[in-house]
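What you see is a predicted model; the values in this text were computed from it and never measured. Throughout, a chain's letter reflects where its sequence line sits, starting with A, and its residues are numbered from 1.
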Protein chains: 2
Amino acid sequence: MRILHDVHDRDPAEGGLRGRKKRETRAALVAAAVRLAAEHGAENVTVDAISEAAGVSPRTFFNYFDSRDEAFVMVGAESSGRVRQAVLAAPADVPPLAALRDALAAELGEVEQRHELWRLHSEVLRRSPHLLARSIGAHVEDEFMLAETLAERIGAGSPLFTGDRLPFGTAEGELRRQALGLYPRLLAAVGATAVRVAVEHWCVRQDEATFEAVFRTVFDHLAAGLTEPVVPVVPADEA
Amino acid sequence: MRILHDVHDRDPAEGGLRGRKKRETRAALVAAAVRLAAEHGAENVTVDAISEAAGVSPRTFFNYFDSRDEAFVMVGAESSGRVRQAVLAAPADVPPLAALRDALAAELGEVEQRHELWRLHSEVLRRSPHLLARSIGAHVEDEFMLAETLAERIGAGSPLFTGDRLPFGTAEGELRRQALGLYPRLLAAVGATAVRVAVEHWCVRQDEATFEAVFRTVFDHLAAGLTEPVVPVVPADEA
DNA sequence: TATATTTTTGCAGGCTCTGCATATTTGCGT
DNA sequence: ACGCAAATATGCAGAGCCTGCAAAAATATA
């Protein structure tokens, strides 16, 4: 099922010493970047400082990221794959939107507790809206891979799904993108948007409602066709 | 009703020579940037080249944009305001989602013909996915202003709407953002996402359907609560 | 151990972006 | 028309971002 595109298409789950060290270095760079940004403000953190904190040379930094800002934003890199896996694993009779909702909820629930790095990350994004914009754009690629997975889940039978990293921005990536239906694409994009809105809204009003409640409300709105709510959202009679 | 925040909060519709020249310069820079990018590829266009083509100094470029990429992305700057105006002008009995759909459709219809610059712009975004990501993030601010307008339209009665440029990334902007309800925020974000998906899908399959058809299909999906379509979207029996 | 492949690193150099001082332009009252 | 005040444009210096290239170090393989 997997397609080898060229020499650079190595096994992403490489188990050898090489792959392990690469993952460690990437994680170390992200952690250093986020921690330094949380302390000094993102715009005051240089590539040299991040590299030194991670124990590599400044030149190596750019072997891992295309720009400095990317290091501040690549915190949820592994989440994308787990969400796609959960979408595929959902029972067959669950409608697509619900499958997506549950997959996202499960991932967000885990992520919320597991890594304390996420708190710092959201802190950094709040203090640097410039990075929030960057973060949204950075996940466009994830969004399209999710669309492929949803297409497979629905049974649109995309034979193009491979599970490997999408060569975003390449001619071949464009070809695969073309073959995708409109509905899965929309579902993936709206799902990502829903998560973003829920997170933003909750970050700003943490004391008014739990994240789960906000998240569920958002997807209720979507399932209701975005009709105007007659009662203010999250009414008291929910209990 | 308007709130003066500080010295920099000038009248955006300034009619004098100053305001006119500023708008002209900004438009000249955007046009030069897009044209050069369409010809040589965005990554091969320097700030010096853009500035020279627009007839200003390189230093002046950065008085108008925070980064070089911003000039490639600021093509639809005036659209945002017209959409908000159209949302407010919709008849009172039109549901929010439909009002938003019609406002966006009207603007997209005008934009599609008026400026030939848009063709070049989409060309540039296709050839530089890096800029597509940037573009999405760049319109987060527009999205929030739209949310404010939708809140006013719905009658949630946001007394915070002022119509002026939102001071994005400032403490005061955060405060205004907090006071906004979840539903208008979601509606604005999903609307922007819908436009993006429709444009992306249509750009890639221009020969299969008109943009209006794709756009209408997307909003039909939204109104239907994103349920799985039983028939492939845009079925033949539509005619 | 010897060889091939991959990754890291240093270095040179161009480009991006900012702060500051200065010159130019515009708004406005006289 | 003239002059003052405010806004804008410009030049310059300097820090930082990012890339290509070639050599060195680390890793895989035989």
Among D:dT8, C:dT8, C:dT16, the nucleotide that comes nearest once only the side chain of A:Tyr64 is considered: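 For A:Tyr64, the side-chain atoms sit closest to C:dT8.
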Tell me which nucleotide among D:dC17, C:dT9, D:dT10 gets nearest to the side chain of A:Thr60.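 Within the option list, the nearest is C:dT9.
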Give B:Phe61 one of three labels, base, sugar-phosphate or nothing, depending on what nucleic acid heavy atoms sit under 4.0 Å from its own.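 It contacts nothing in the nucleic acid.
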Using a heavy-atom cut-off of 4.0 Å across all strands, would you classify A:Asn63 as base, sugar-phosphate, or nothing?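 It contacts base atoms.
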Mind grabbing the angle between the end helix axes of the helix from C:dT1-D:dA30 to C:dT30-D:dA1? Five pairs an end, 10° rounding.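 The angle, to the nearest 10 degrees, is 30°.
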CG of B:Leu187 to CD of B:Glu143: how many Å apart, nearest 0.5 Å?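 Here the interatomic distance stands at 10.5 Å.
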Can you tell me how far the OH atom of B:Tyr183 sits from the NE2 atom of A:His201, to the nearest 0.5 Å?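 Atom-to-atom, B:Tyr183:OH and A:His201:NE2 are 14.0 Å apart.
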Roughly how many Å is it from [atom1] in [X] to [atom2] in [N], rounded to a whole number?
X       : N      : atom1 : atom2 : answer
A:Asn44 : C:dT18 : CG    : P     : 13 Å
B:Asp48 : C:dC15 : CG    : C1'   : 8 Å
B:Phe62 : D:dG16 : CZ    : C1'   : 13 Å
B:Glu52 : D:dG11 : CD    : P     : 12 Å
B:Arg23 : D:dT8  : CZ    : P     : 12 Å
A:Asp69 : C:dC17 : CG    : C1'   : 13 Å
B:Asp66 : C:dG19 : CG    : P     : 11 Å
B:Arg20 : C:dT26 : CZ    : P     : 9 Å

Return whichever of A:Pro58 or B:Phe65 has its heavy-atom-nearest nucleotide of DNA chain C closer to the 5' end.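 Its nearest nucleotide being more 5', the pick is A:Pro58.
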Relative to the 5' end of DNA chain C, which residue comes earlier, B:Ser67 or B:Lys21, by the nucleotide with the nearest heavy atom?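 Nearest-nucleotide comparison on DNA chain C picks B:Ser67.
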Could you check A:Lys22, A:Lys21, A:Arg20 and say which one makes a salt bridge (Lys or Arg N to Asp or Glu O under 4.0 Å) with A:Glu24?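 Result for salt bridge (Lys or Arg N to Asp or Glu O under 4.0 Å) with A:Glu24: A:Arg20.
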At less than 3.5 Å, do the side-chain atoms of [X] and the base atoms of [N] form a donor-acceptor pair?
X       : N      : result
B:Arg68 : C:dT16 : no
A:Arg59 : C:dT8  : no
A:Arg18 : C:dT5  : yes

Please indicate whether B:Gln85 has more than 12 foreign heavy atoms, meaning atoms of other residues, nucleotides or ligands, lying under 6.0 Å from its CD.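 No, CD of B:Gln85 has 12 or fewer neighbouring heavy atoms, counting only those of other groups under 6.0 Å.
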Does the pair B:Glu200/A:Arg185 count as a salt bridge with the N-to-O cut at 4.0 Å?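 Looking at A:Arg185 together with B:Glu200, the answer is yes, because their closest N to O distance falls below 4.0 Å.
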Answer yes if the side chains of B:Arg84 and B:Ser80 hold a donor-acceptor pair under 3.5 Å, and no otherwise.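 Looking only at side-chain atoms, B:Ser80 and B:Arg84 do form a donor-acceptor pair, the distance falling under 3.5 Å.
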Answer yes or no: is there a donor N or O on one side and an acceptor on the other, between the side chain of B:Ser128 and the main chain of B:Leu125, under 3.5 Å?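 Side chain of B:Ser128 to backbone of B:Leu125: no pair is present.
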